[in-house]
Asker: 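One structure coming up, written as structure tokens, with questions to follow.
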Amino acid sequence: MAVKIKLKRLGKIRAPHYRIVVADSRTRRDGRAIEEIGKYHPTYHPSIIEVDADRVAYWLGVGAQPTEPVLAILKKTGDWQKFKGEPAPAPLLVAEPKAARPSFDALGGDDEGKGEAITQKKKAEKKDEASAESESTEA
């Protein structure tokens, strides 16, 4: 039985994410897998790549063949170079934690309400005009 390390597609139509799996080469892309050994989320910036290095080393050692996309992922993580005995690649780009947005109070905001709107409502203007006309006709 030929064993491959390949990607199993999950997610919505335009938001894919993948699991790196070890499966028989004759199974379909999203079919049954022997073992799941990692995750790959290409739509995030930077991409999320999580690989269990010990399990990858084991499966490569027993003869599992990675597909081209998985080989590219393993080269980025350094697992392929470790298996082949080559020097390690440059470290991956890691997402910086987002800074918390300052609160309203931290910005020195005023919480004093003015109580009234700057412009009056149109209905109020019509009533004022009607009452002014009635007063002018009475006088």
Side-chain angles (χ1 to χ4, degrees):
M1 173 170 81
V3 178
K4 292 233 179 226
I5 302 174
K6 56 187 179 179
L7 294 176
K8 180 179 181 179
R9 188 184 195 281
L10 301 167
K12 296 187 239 176
I13 291 175
R14 288 179 181 78
H17 58 275
Y18 300 91
R19 291 198 182 141
I20 302 170
V21 297
V22 177
D24 182 11
S25 63
R26 296 171 289 185
T27 60
R28 56 185 183 215
R29 178 190 67 181
D30 301 334
R32 192 174 73 181
I34 298 170
E35 183 179 358
E36 293 180 359
I37 57 174
K39 296 179 193 174
Y40 174 51
H41 296 271
T43 55
Y44 295 156
H45 180 71
S47 299
I48 296 176
I49 300 173
E50 296 176 9
V51 178
D52 186 358
D54 296 335
R55 297 309 296 164
V56 169
Y58 168 77
W59 283 107
L60 291 173
V62 295
Q65 296 297 313
T67 59
E68 288 183 21
V70 173
L71 182 61
I73 291 171
L74 294 179
K75 284 182 179 178
K76 285 185 180 179
T77 59
D79 294 321
W80 184 253
Q81 288 87 342
K82 188 176 179 182
F83 173 69
K84 289 291 187 178
E86 298 172 358
L92 291 174
L93 177 65
V94 179
E96 297 177 11
K98 293 183 178 179
R101 295 180 70 186
S103 66
F104 184 74
D105 296 330
L107 293 174
D110 256 353
D111 204 16
E112 297 176 11
K114 302 208 174 164
E116 293 183 22
I118 296 172
T119 57
Q120 295 180 352
K121 296 181 180 179
K122 291 183 179 180
K123 291 180 181 178
E125 291 176 6
K126 290 180 181 178
K127 289 180 182 178
D128 292 339
E129 291 174 4
S131 63
E133 288 177 12
S134 63
E135 289 176 8
S136 63
T137 56
E138 291 176 5

Asker: Going by side chain to side chain contact (heavy atoms under 4.5 Å, CB included), Ile5 matches just one of Val51, Val21, Thr67, Leu60. Which one?
Answerer: Leu60
Asker: How far does CD1 of Ile37 sit from CG of Asp54, to the nearest 0.5 angstrom?
Answerer: 11.0 Å
Asker: Applying side-chain hydrogen bond (donor to acceptor under 3.5 Å, both in side chains), can you list everything that pairs with Glu50, at least two apart in sequence or on another chain?
Answerer: none
Asker: For Lys4, check side-chain hydrogen bond (donor to acceptor under 3.5 Å, both in side chains) against everything at least two apart and list the hits.
Answerer: none
Asker: Transitively linked via ILVMFWY side-chain contacts under 4.5 Å: Ile49 with Tyr44?
Answerer: no
Asker: Give me the atom names and distance for the closest heavy-atom approach of Ala33 to Ala23.
Answerer: CA-CB, 4.1 Å
Asker: If you take all heavy atoms of Arg28 and Lys6, which pair is closest and at what distance?
Answerer: O-NZ, 3.7 Å
Asker: For Pro42 and Ser47, work out which heavy atoms get closest and say how close.
Answerer: O-OG, 3.5 Å
Asker: Taking the side chain as everything from C-beta on, heavy atoms only, tell me whether Ile20 gets closer than 4.5 Å to Val56.
Answerer: no
Asker: Atom CD in Glu86, atom NZ in Lys75: separation rounded to 0.5 Å?
Answerer: 8.0 Å
Asker: Which Ile, Leu, Val, Met, Phe, Trp or Tyr residues join Leu10 in one cluster when any pair of side-chain heavy atoms under 4.5 Å counts as a link?
Answerer: none
Asker: Is it true that Val22 and Leu71 fall in one hydrophobic cluster, defined by side-chain heavy atoms closer than 4.5 Å?
Answerer: yes
Asker: Donor-acceptor pair, Asp30 side chain versus Arg9 backbone, under 3.5 Å?
Answerer: yes
Asker: What distance do Tyr18 atom OH and Thr43 atom OG1 have between them, rounded to the nearest 0.5 Å?
Answerer: 9.5 Å
Asker: The criterion is salt bridge (charged side-chain N to carboxylate O under 4.0 Å, His left out); which residues satisfy it with Glu36, sequence neighbours excluded?
Answerer: Arg19
Asker: Can you name the ring pair (Phe, Tyr, Trp, His ring centres under 6.0 Å) partners of Phe83, sequence neighbours left out?
Answerer: Trp80
Asker: Mind checking salt bridge (charged side-chain N to carboxylate O under 4.0 Å, His left out) for Asp24 and listing every partner two or more places apart, or none if nothing turns up?
Answerer: Arg26
Asker: Could you walk me through whether Leu7 and Ile73 satisfy the side-chain contact (heavy atoms from CB on, under 4.5 Å) test, starting with their C-alpha distance in whole Å, then the side-chain angles of each, then the deciding distance to 0.1 Å, before giving a yes or no?
Answerer: CA-CA 10 Å; Leu7 294 176; Ile73 291 171; 4.1 Å; yes
